[in-house]
Amino acid sequence: MDKLSPLPRSFYHRDPVTVARALLGQTLVRIIEHKRQPTRVTRLAGIIVETEAYLGLPDRAAHTYNGRRTPRNQTMWGDGGHAYVYFTYGMHHCVNAVVSQPDDPVAVLIRALQPTEGIDLMFQHRNTGKNRAQKQTQLCAGPARLCQALQIDRTLDGTDLTQTHTLYIERTRPRTLPKNQIIVTPRIGIPNAADWTAKPLRFYIRNNPHVTPTHA
DNA sequence: ATGACGATTTACT
DNA sequence: GTAAATCGTCATA
């Protein structure tokens, strides 16, 4: 298998915790087609440095908790290896990799990237209106920030991540990072999910400055 | 039809 | 530290 090919379907046909760990160090790629010249294309990309696992029916924090199946979350019920993009807080998008098999609605939220390609254009996407200087370390440090930088919205919901098209994930490292390079914590923004609030389901690369800032 | 609520970010006291 | 921004989505009726 080519080192720079998209991760295959089999990569996603595993449990969400395993995939959340294995996605660290892989590259999220977004191909932007220019409106005037569809043949002209820009590659935006970054290394995935932070993820969270969402475990489906039993998971109080998951959109598919208790078997909820709605127009919004339908792609979570489909096959692994597709993008689940949702809109929240009236202004933000977030992107997940759907994992496992059809009818097992589990996913991995992509929370932060280390930008590698198309950084200038990412700054443009992130600097709307009055916003000025931005540090590169906060360019994609957060699930909504990275979606703004890569111009990911609901039109990309359901995109097949194994196809070299508008949005996919490239194999960048052959194996999961060694355990001592992965920090595990509770998930962010899950205040009232009973025992699911504290479960260790957030993963990030040790000492990486592009991870979501946490105020502790 | 209505109301409550976000898998967040940013700005401000 | 706290609060505002801002609206699609979903449960209830």
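All values below come from the heavy atoms of this structure, side chains included, with hydrogens, waters and symmetry mates left out. Letters go in sequence order (proteins before strands), and every chain restarts at 1. What you are looking at is a predicted structure, and each value in this text was computed from that prediction instead of being measured.
Contact between the side-chain N/O atoms of Arg145(A) and the OP1/OP2 oxygens of dT10(B) is found at a separation under 4.0 Å.
Nucleic acid contact for Ala61(A): base, since at least one base atom lies under 4.0 Å from a heavy atom of the residue. Nucleic acid contact class of Arg187(A) (heavy atoms, under 4.0 Å, all strands): none.
Residues Arg43(A) and Glu117(A) are paired through a salt bridge, judged by an N-O separation under 4.0 Å between the basic side chain and the carboxylate. The residues Arg21(A) and Asp15(A) are annotated as not salt-bridged, no charged nitrogen and carboxylate oxygen being separated by less than 4.0 angstrom.
Taking the side chain of Asn96(A) as heavy atoms from C-beta on, and the options dA7(B), dA11(C), dT6(C), the nearest nucleotide is dA7(B).
Gln101(A) places no side-chain N or O within 3.5 Å of a backbone atom of Gly80(A) that could act as its donor or acceptor partner.
Using the six-membered ring where Trp is involved, His63(A) and Tyr86(A) have ring planes that are perpendicular, over 60° apart on the 30 and 60° scheme.
The nucleotide dA11(B) finds its pairing partner in dT2(C), both defining distances of the Watson-Crick or G-U wobble pair being shorter than 3.5 Å. The partner of dA1(B) is dT12(C), judged by Watson-Crick or G-U wobble contacts that both fall below 3.5 Å.
Nearest-nucleotide positions on DNA chain C place Met91(A) closer to the 5' end than the other of Met91(A) and Thr70(A). Nearest-nucleotide mapping onto DNA chain C: of His92(A) and Arg154(A), the residue sitting toward the 5' end is His92(A).
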